[in-house]
Amino acid sequence: MPELPEVEVVKQSLKKYILNKKLLRIIVKNKKLRFPVPQNISQRLSYLRAVKVKRVSKYIVIKFANHFFLIIHLGMTGTLHLIRKKNKLMNSNLSFYQSKTLPKKHNHIFFYFGNFSIVFNDPRRFGFIKLINGEKNLYKYFRKLGPDPFKKEFNFKYVKNYLFKKVKNIKNILIDQKFLSGIGNIYASEILNYSKINPLKPSGKITNDEIIQIIFFTKKVLKRSIKIGGTTINNFHSIKGKTGSYQKEFRAYDREKKRCKNKFCPGTILKINISNRSTYMCNICQK
DNA sequence: CCGTTAACCTGAGAGC
DNA sequence: TGCTCTCAGGTTAACG
């Protein structure tokens with residue numbers, strides 16, 4: 001599921017509910033996620049306040065009062081849900097990947113906070129949670145990640161230097177978390193369509209103007225998506241709660257054979273395969 | 001060190 | 001209907 005905008009929206013929503021709230025306990029229904037859920041996680045975190053909730057790359061990081069950090073990664077299909085005790089209603093506004101029923105069998109972890117709880121649901125179980133002790137280890141855990149697209153480290157000099165030393169197509173660079181953290185398969189296609197760059201173009205041949213375009217549209221696309229709640233695929237309507245709507249603004253992704261939306265461009269969107277992942281591009285304006 | 005491939009999972013949708 | 005096949009927003013261990 002989730003690339004930077006989706007994780008950011010989930011984080012903002014989660015933060016509203018749990019910041020400075022005391023976690024009572026954690027019930028693990030299924031510890032077989034991408035990595036096994038830590039054994040003693042409930043003992044470690046029970047009766048502690050969540051003092052910070054932030055996003056690092058595609059991870060959600062919750063700092064607890066004892067300097068333990070809980071890391072949540074949603075993988076492809078992970079979602080968080082709010083359950084209020086009284087009416088037991090599933091509120092979907094922490095969720096992006098929606099099946100029509102949201103099978104309970106994929107509710108793997110329950111975080112109980114007094115009069116509500118947060119559930120981690122993940123059909124494919126590519127997501128995981130991890131516990132990290134202290135700021136130093138947190139830093140260590142994330143040290144291989146490239147800069148966040150909204151930080152000033154993501155600038156012309158950095159990009160130019162990185163592209164120059166790699167021999168790789170630009171699409172694969174964009175989704176490489178070591179280069180830049182947060183972009184995945186959807187937004188890579190979107191950014192390159194806005195920037196009018198062929199996803200297969202070797203990084204070393206990207207011009208200075210194109211670098212400026214990439215930086216500009218990366219921020220623009222991600223910001224816009226966050227603003228309208230991210231991208232939701234497999235929507236459903238029966239349960240209250242917000243879903244994202246960036247999928248309505250897709251220009252390339254999932255638009256095979258449709259017209260390119262760039263101004264005055266008569267092109268058509270092609271679906272091509274790059275490293276076994278679908279990539280969408282205009283056959284005319286993306287050079 | 002590098003880059004590429006396979007693997008980890010379930011479910012939706014297409015085609016027959 | 002129901003079967004089989006392909007594909008899906010991510011990461012990383014294993015390999016050459």
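Throughout, protein chains are lettered first and strands after them, A, B, ... in sequence-line order, and every chain is numbered starting at 1. Values below: all heavy atoms of this structure, side chains included; hydrogens, waters and symmetry mates excluded. Nothing here was measured: the structure is a model prediction, and the numbers come from that model.
Atoms NE2 and CG, on A:His108 and A:Asn121 in that order, are 6.0 Å from each other to the nearest 0.5 Å.
For C:dG9, there is no paired nucleotide, since no Watson-Crick or G-U wobble pair has both relevant distances below 3.5 Å. Base-pair partner of B:dC9: not found among the strands shown (Watson-Crick or G-U wobble, both distances under 3.5 Å).
The side chain of A:Gln177 sits closest to C:dT11 out of C:dT11, C:dG9, B:dC9. Comparing B:dG11, C:dG10, C:dC7 against the side chain of A:Lys271 picks out C:dC7 as the nearest. The nucleotide whose nearest atom lies closest to any side-chain atom of A:Arg34 is, among C:dG9, B:dG11, C:dG10, C:dG10. In this structure, of C:dA8, B:dT10, C:dG10, it is B:dT10 that holds the atom nearest to the side chain of A:His106.
In this structure, A:Ser278 reaches the sugar-phosphate backbone alone: every heavy-atom distance under 4.0 Å involves primed, P, OP1 or OP2 atoms, never a base. A:Phe128 comes within 4.0 angstrom of nothing in the nucleic acid, heavy atoms only. Using a 4.0 Å heavy-atom criterion, one finds that A:Lys166 contacts the sugar-phosphate atoms exclusively.
OP1 or OP2 of C:dG9 has not a single side-chain nitrogen or oxygen of A:Tyr187 nearer than 4.0 Å. Distances shorter than 4.0 Å separate some side-chain N or O of A:Lys58 from OP1 or OP2 on C:dT11. Checking the phosphate oxygens (OP1, OP2) of B:dG11, a side-chain nitrogen or oxygen of A:Lys105 falls inside 4.0 Å. Under 4.0 angstrom from either OP1 or OP2 of C:dG10 there lies no side-chain N or O belonging to A:His73.
C:dA14 sits 14 Å from B:dC9 when the P atoms are compared, rounded to a whole Å. If you take atom P in B:dG3 and the same atom in C:dG9, they sit 22 Å apart, rounded to whole Å.
Along DNA chain B, the nucleotide nearest A:Val167 and the nucleotide nearest A:Lys32 are compared for position; the residue whose nucleotide lies closer to the 5' end is A:Val167.
One atom, CZ of A:Phe250, and another, P of C:dG9, lie 10 Å apart when rounded to the nearest Å. For the pair A:Asp176 CG and B:dC2 P, the computed distance is 11 Å after rounding to whole Å. In this structure, A:Arg124 atom CZ and C:dG10 atom P are separated by 10 Å, rounded to whole Å. The distance between atom OH of A:Tyr280 and atom P of C:dC7, rounded to the nearest whole Å, is 10 Å. What separates CG of A:Asn185 from C1' of C:dG9 is a distance of 7 Å, to the nearest Å. The separation between A:Leu4 atom CG and C:dG9 atom C1' is 13 Å, rounded to whole Å. For the pair A:Ile175 CD1 and C:dT12 P, the computed distance is 14 Å after rounding to whole Å. Across the protein-nucleic acid pair, A:Asp254 atom CG and C:dT6 atom P stand 19 Å apart, rounded to whole Å.
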Report task. Using the salt bridge (charged side-chain N to carboxylate O under 4.0 Å, His left out) rule, take A:Asp176 and A:Lys168 through it: C-alpha gap first, then chi angles, then the decisive distance, then the call. Result -> CA-CA 11 Å; A:Asp176 184 346; A:Lys168 205 172 169 182; 3.2 Å; yes

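Judged by distance alone, with hydrogens and angles left aside, A:Arg277 brings no side-chain donor or acceptor close enough to the base of C:dA8 to form a pair under 3.5 Å. Judged by atom type and distance alone, A:Arg125 does not reach the base of B:dC9 through any side-chain donor-acceptor pair under 3.5 Å.
Stacking between A:Phe126 and C:dT11 is absent: the ring centroid is not both under 5.5 Å from the six-membered base ring centre and under 30° in plane angle.
Using the six-membered ring where Trp is involved, A:Tyr59 and A:Phe128 have ring planes that are perpendicular, over 60° apart on the 30 and 60° scheme. Between A:Tyr253 and A:Tyr280, the ring planes lie perpendicular to each other; the angle is over 60°, past the 30° to 60° tilted range.
Side chains of A:Lys166 and A:Asn172: a donor-acceptor N/O pair is absent below 3.5 angstrom, by distance only. Side-chain contact check for A:Asp148 and A:Ser181: no donor-acceptor pair (N or O, by modelled atom type) lies under 3.5 Å. In the model, A:Asn115 has no side-chain atom that pairs as donor or acceptor with a side-chain atom of A:Arg84 under 3.5 Å.
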